[in-house]
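Please read the structure below before turning to the comments.
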Amino acid sequence: MAELTLPETPSDVLQIPSRDIPEAISELLHQRRLSPLLANIHEGLRSPDDGHKARCRAALDHLGFAE
């Protein structure tokens, strides 16, 4: 993979190719940025906007976190 741009939003997560998810998670952990990202996604799950909630759920699925 070329330069890895770490995700900050659910939409960013969905832009990561599936093959690059393990490296992204590893780098997020290394930079201590996974927890803030997951907090952002979980906050979005409580949004009144159904589209935003769906993107957040899809982002968690894409990262490999079961419902």
Side-chain angles (χ1 to χ4, degrees):
M1 174 165 67
E3 177 107 8
L4 177 65
T5 301
L6 294 179
E8 296 181 9
T9 68
S11 295
D12 293 344
V13 169
L14 295 172
Q15 297 301 312
I16 300 171
S18 295
R19 70 180 180 279
D20 295 336
I21 290 294
E23 182 180 349
I25 290 174
S26 179
E27 192 58 29
L28 285 163
L29 284 167
H30 177 74
Q31 293 188 22
R32 302 182 71 134
R33 292 174 52 190
L34 182 61
S35 185
L37 174 62
L38 292 175
N40 180 339
I41 292 171
H42 280 100
E43 181 179 328
L45 292 173
R46 295 186 298 272
S47 171
D49 178 342
D50 288 337
H52 185 61
K53 280 195 281 197
R55 280 188 300 281
C56 291
R57 180 69 254 161
L60 286 175
D61 291 343
H62 194 56
L63 288 171
F65 292 99
E67 188 168 338

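Count residues from 1 along the sequence. As the structure is a prediction and not an experimental result, all values here were calculated from the model. All values below were derived from every heavy atom in this structure, side-chain atoms included, with hydrogens, water molecules and symmetry-related copies excluded.
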### Query
When you measure from the side chain of D12 to the backbone N and O of E8, does any donor-acceptor pair fall under 3.5 Å?
yes
### Task
Assess whether atom CD of E43 is packed by more than 12 heavy atoms of other residues, nucleotides or ligands within 6.0 Å.
no
### Closest approach of K53 to G44 (non-hydrogen atoms, all atoms of both residues)
CG-O, 3.4 Å
### Spacing of OG1 belonging to T9 relative to NE2 belonging to H52, to within rounding of 0.5 Å
8.5 Å
### Task
Over all heavy atoms of both residues, which pair between A59 and V13 is shortest? Give the atoms and the distance, please.
O-CG1, 3.6 Å
## Note on the structure
What one should report as the nearest heavy-atom pair of P10 and R55 is CB-O, 4.0 Å
### Verify same cluster id: L14, L60 (apolar side-chain graph, 4.5 Å)
no
### Task
Say whether, by atom type as modelled, one donor and one acceptor occur between the side chain of H42 and the main chain of L38 under 3.5 angstrom.
yes
## Note on the structure
CG of D61 to SG of C56, rounded to nearest 0.5 Å, is 11.5 Å
### Nearest-0.5 Å distance, OG of residue S18 to CG of residue L63
10.0 Å
### Message
Using every non-hydrogen atom in the two residues, find where A24 and L4 come nearest and quote the distance to one decimal.
### Response
CA-CD2, 3.7 Å
### Summary
Here the gap from I21 atom CD1 to R19 atom CZ, rounded to the nearest 0.5 Å, amounts to 10.5 Å
### Task
First locate atom CG of L6, then atom CD1 of I25, and finally report the distance between them rounded to the nearest 0.5 Å.
11.0 Å
